[in-house]
Amino acid sequence: MIQKTILLLLCHLCTLALAAQVNTDRVLAIGRNALYFEDYVLSIQYFNQVIKAKPWLAEPYFYRAIAKLNLDDLQGAEEDCSLCLTRNPFLSQAYYARGIARQSMEMYEPAIGDYTRGLELRPGDRAMLANKAIALLQKKDYTQAESAFEELLTAHPKLSLGYLTRGAMYLEKGDTTLALADYNKAIEIDPYYAPCYGNRAILLYQINRPKEALADLNEAIRLNTRENGYYINRGLVRYQMNDLRGAMADYDQVISMDDRNLIARFNRGLLRAQVGDNNRAIEDFDVVIELEPDNYMAYYNRALLNAEVGDHQRVVRDLDIVLKQYPNFLPGYYNRSEAKRQLHDNVGADRDYWTAVELEEKNRNGQLAVNATASSSPNPAGQSAGNPPADEENTRQRSDKNIDKFNRLVVYDKEEEQKQKYQSEIRGRVQDRNIRIDLEPSFILSYYEKNHLRQDAVYYDKSVEAFNVRTPLTWKILITNQEAALTEDQIAAHFESINNYSAKIERDPMQADYYFGRAMDFMLVQDFSEAIHNFDKVIEIDPSYTLAYFNRAVVRYKQMDYNQSQTTHDELYTIDIQFGKGNKPVTSSPAVNDLSAGEPGGFRRLDGHELIIRDYDFVIRQNPGFVYSYYNRANIRCAQRDFRAAIVDYNEAILRDPEFAEAYFNRGLARLSMGDANRGIADLSKAGELGIMNAYSIIKRMTAN
């Protein structure tokens with residue numbers, strides 16, 4: 001899925017003048033709201049309306065293409081970009097988006113043409129230069145790719161990802177000297193980006209420098225503790241260094257994070273068999289076979305292990321499956337013969353034995369066909385990032401189906417990993433030296449939320465529970481900071497709900513609950529202006545309606561966030577932290593909460609932040625126990641870089657809820673931004689303890705020096 005920063009880039013670079021009527025402008029704007037907040041299905045419905053009304057406009061086709069890219073509808077995105085460019089052939093970002101779609105569909109030549117045309121309109125554009133270079137590399141046109149990388153790095157000499165990708169190209173060509181120089185340069189530019197070390201480790205392993213490869217993988221894991229590939233690769237390096245215990249620990253770690261990881265399961269099964277832990281090795285191969293029923297290597301290894309533990313019936317069953325697939329596999333017949341003999345099936349045992357003898361004779365005479373089936377992928381020279389080269393004596397690629405390699409450790413397929421790596425770079429964002437760390441999001445009252453990674457996370461407030469008991473709305477509201485995009489059925493339901501509330505309001509225009517319900521619907525379909533207007537009406541009718549103040553503040557911030565995204569690349573909910581030495585306190589901006597909460601405006605115009613903070617002030621005054629208001633207000637103050645005031649609010653939230661993980665996490669980031677490393681790390685440690693795993697990655701980075 002395309003990263004949000006590319007979406008920001010596309011939207012930012014395409015602030016286009018529309019010659020449409022106000023209504024069409026408004027629908028397009030709401031669609032862009034939905035697109036920005038990653039509600040792609042909903043955004044497409046809005047763009048469809050604009051296209052139906054005014055099919056000659058280029059912009060709605062472009063934005064619909066972006067939504068389709070995010071939904072991995074690559075062909076649909078390509079078609080929409082073409083429709084856009086038919087109407088406006090000078091929209092550079094449409095060439096960029098179509099290039100991404102075509103490149104992702106492996107249509108490299110047309111993608112290169114799109115990037116070339118886009119660069120004519122926007123010379124020196126970093127993203128298009130990078131993608132053009134990668135497309136040439138994927139096309140195996142190394143000469144042109146090298147020229148494209150040279151152009152990219154001349155224009156953007158601090159782009160570590162450019163050196164990283166060019167290094168992968170040199171490694172693919174077999175030029176380890178130039179590859180190592182580029183990896184070293186990438187690390188010099190960005191020493192806190194884990195793939196730099198992960199990629200260099202591959203090269204160091206390939207040129208037989210395993211100790212240095214191990215050191216790089218240790219550093220990659222220090223910087224990114226959740227990347228399975230680094231542990232799998234370190235397990236391989238440790239195995240080659242005869243550190244079986246260390247290799248086993250790495251595979252244990254991968255399986256603890258992803259118990260369905262086939263490579264880790266298979267490799268751990270082999271290592272367990274090697275140290276005589278047969279029963280647990282069988283358990284690993286059981287899982288592999290359950291997840292991948294055509295993994296004949298796993299069947300054969302399990303058969304050998306069952307022979308060791310004396311379960312000869314299972315040996316025969318597994319070998320039946322293997323020999324049906326590989327009818328010329330000599331060891332299979334010999335082992336099945338022995339298992340049948342143990343089961344007193346002497347006739348079957350003799351049949352298998354003499355079959356093996358006959359095949360062995362044919363093999364000596366060169367009459368025996370090979371056992372292996374063709375590998376599912378070719379074996380190009382070089383090696384992709386995240387995957388050490390397969391040692392011919394000890395490893396095999398996952399797609400290699402040669403049964404004779406049944407007892408070799410599995411590594412990632414070279415071509416597939418290369419493809420995934422380049423796809424990631426096409427769609428990923430470039431890391432700056434100052435690592436940009438996202439705050440945990442603010443909370444909102446909604447009807448829906450994403451599935452939580454933290455299964456024990458429960459967000460509760462008695463005032464919200466009392467509101468739901470009163471049941472004034474069609475759906476039960478909940479407190480969440482993980483909003484879910486709407487399905488098509490939900491979108492239809494909320495548009496219908498808007499109509500229903502409008503009819504009720506006509507009959508009873510002084511019922512605040514009706515306006516609140518309609519505001520919730522408008523909020524969910526990303527029509528922020530109408531949502532705020534309806535929350536205003538709620539407060540006008542009932543000035544004590546605290547939940548309306550709370551959600552109005554959240555929606556106002558959403559609207560401000562989107563508006564700012566159209567004029568700047570900076571994201572409001574990020575904090576810049578210089579890791580390592582030299583963190584200096586940041587001077588706080590003046591406090592902005594010195595106005596009387598609840599008053600209509602005073603003698604000066606309030607800016608957006610002040611209006612939002614006034615709403616949170618009111619909620620806190622009316623309901624001091626509502627911890628989410630302190631937390632959200634703290635996030636706003638972080639956006640203003642008023643970290644001291646933010647910390648005060650996070651303190652209040654934690655005082656009322658000592659298990660508030662998000663508050664610890666964000667307070668930790670605020671303290672780090674103030675140069676208070678010790679207490680910042682302590683907060684992040686507590687957040688990690690409470691379930692926010694990203695905290696540990698940041699701690700690793702902070703303590704790297």
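All values derive from a computational prediction rather than experimental measurement. We count residues from 1, following the sequence as given.
Interatomic distance, CD of Q622 versus CG of L547, reported as 11.5 Å (0.5 Å rounding). D461 CG to Y628 OH: the interatomic distance, rounded to the nearest 0.5 Å, is 6.5 Å. Between the SG atom in C81 and the NZ atom in K68 there is a gap of 10.0 Å [rounded to 0.5 Å]. To the nearest 0.5 Å, the span separating CZ on R122 from CG on L91 amounts to 10.5 Å. In this structure, CG in L690 is found 9.0 Å from CD in E662, a value given to the nearest 0.5 Å. Atom CD in Q640 sits 5.0 Å away from atom NE2 in H609 (nearest 0.5 Å).
With a 4.5 Å cut-off on side-chain heavy atoms, Y40 and E38 count as touching. Residues F47 and L28 have side chains in contact (heavy-atom distance under 4.5 Å, counting atoms from C-beta outward). Put simply, the side chain of I532 reaches to within 4.5 Å of the side chain of D536, judged on heavy atoms. Put simply, the side chain of V525 reaches to within 4.5 Å of the side chain of I498, judged on heavy atoms. A heavy-atom distance below 4.5 Å is found between the side chains of I636 and Y616. Here the side chains of L57 and T24 are in contact, with some heavy-atom distance below 4.5 Å. Y46 places none of its side-chain heavy atoms less than 4.5 Å from the side chain of V50. Side chains of Q490 and L524 form no contact here, defined as non-hydrogen atoms less than 4.5 Å apart.
Scanning all heavy atoms of the two residues, the minimum distance from R87 to P55 falls at NE-O, 2.6 Å. In terms of heavy-atom proximity, S446 sits nearest to T480 at CB-CG2, 4.3 Å. Taking every heavy atom of both residues into account, A646 and C638 meet most closely at CB-SG, 3.7 Å. Taking all atoms of both residues into account, the shortest heavy-atom contact from L69 to A97 is CD1-O, 3.9 Å. Shortest non-hydrogen contact noted between D513 and L473 is O-CD2, 3.9 Å. Across all non-hydrogen atoms, the minimal contact from P658 to K686 is O-CE, 4.4 Å.
We find that K558 and E483 are joined by a salt bridge, their nearest charged nitrogen and carboxylate oxygen being less than 4.0 Å apart. By the 4.0 Å N-to-carboxylate-O rule, E465 lies too far from K462 to be salt-bridged with it. A salt bridge links R26 with E530; the closest basic N to acidic carboxylate O contact falls under 4.0 Å.
No side-chain N or O of Y514 forms a donor-acceptor pair with one of D508 less than 3.5 Å apart. Using modelled atom types and a 3.5 Å distance limit, the side chains of N635 and S442 yield a donor-acceptor pair.
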- Could you check H494 against Y447 for ring pair (Phe, Tyr, Trp, His ring centres under 6.0 Å), going step by step and ending with a plain yes or no? CA-CA 11 Å; H494 287 290; Y447 303 131; 5.7 Å; yes
- Task: Please report the C-alpha distance between F665 and L684 in whole Å, then the side-chain angles of each, then the deciding distance to 0.1 Å, and finally whether the side-chain contact (heavy atoms from CB on, under 4.5 Å) criterion is met.
- Result: CA-CA 5 Å; F665 183 87; L684 291 174; 3.7 Å; yes
- Task: Kindly indicate, with the supporting measurements, whether the criterion side-chain contact (heavy atoms from CB on, under 4.5 Å) is fulfilled by Y549 and I620.
- Result: CA-CA 10 Å; Y549 286 93; I620 289 168; over 6 Å; no
- R644 and V648: side-chain contact (heavy atoms from CB on, under 4.5 Å), yes or no, with the steps? CA-CA 7 Å; R644 288 192 176 91; V648 171; 6.0 Å; no
- Message: Q526 vs Y36, test: side-chain contact (heavy atoms from CB on, under 4.5 Å). Steps then yes/no.
- Response: CA-CA 10 Å; Q526 306 291 341; Y36 177 77; over 6 Å; no
- Please report the C-alpha distance between F443 and F660 in whole Å, then the side-chain angles of each, then the deciding distance to 0.1 Å, and finally whether the ring pair (Phe, Tyr, Trp, His ring centres under 6.0 Å) criterion is met. CA-CA 12 Å; F443 285 83; F660 199 161; 5.8 Å; yes
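You'll find the ring centres of F516 and F467 inside the 6.0 Å limit.
Considering F626, F618, Y557, Y630 in turn, F626 is the only one that fulfils the ring-ring contact (aromatic ring centres under 6.0 Å, His included) rule with F550.
Environment of CG in N678: sparse, with no more than 12 heavy atoms of neighbouring residues, nucleotides or ligands closer than 6.0 Å.
Under a 3.5 Å cut-off, the side chain of N551 and the backbone N or O of L445 do form a donor-acceptor pair.
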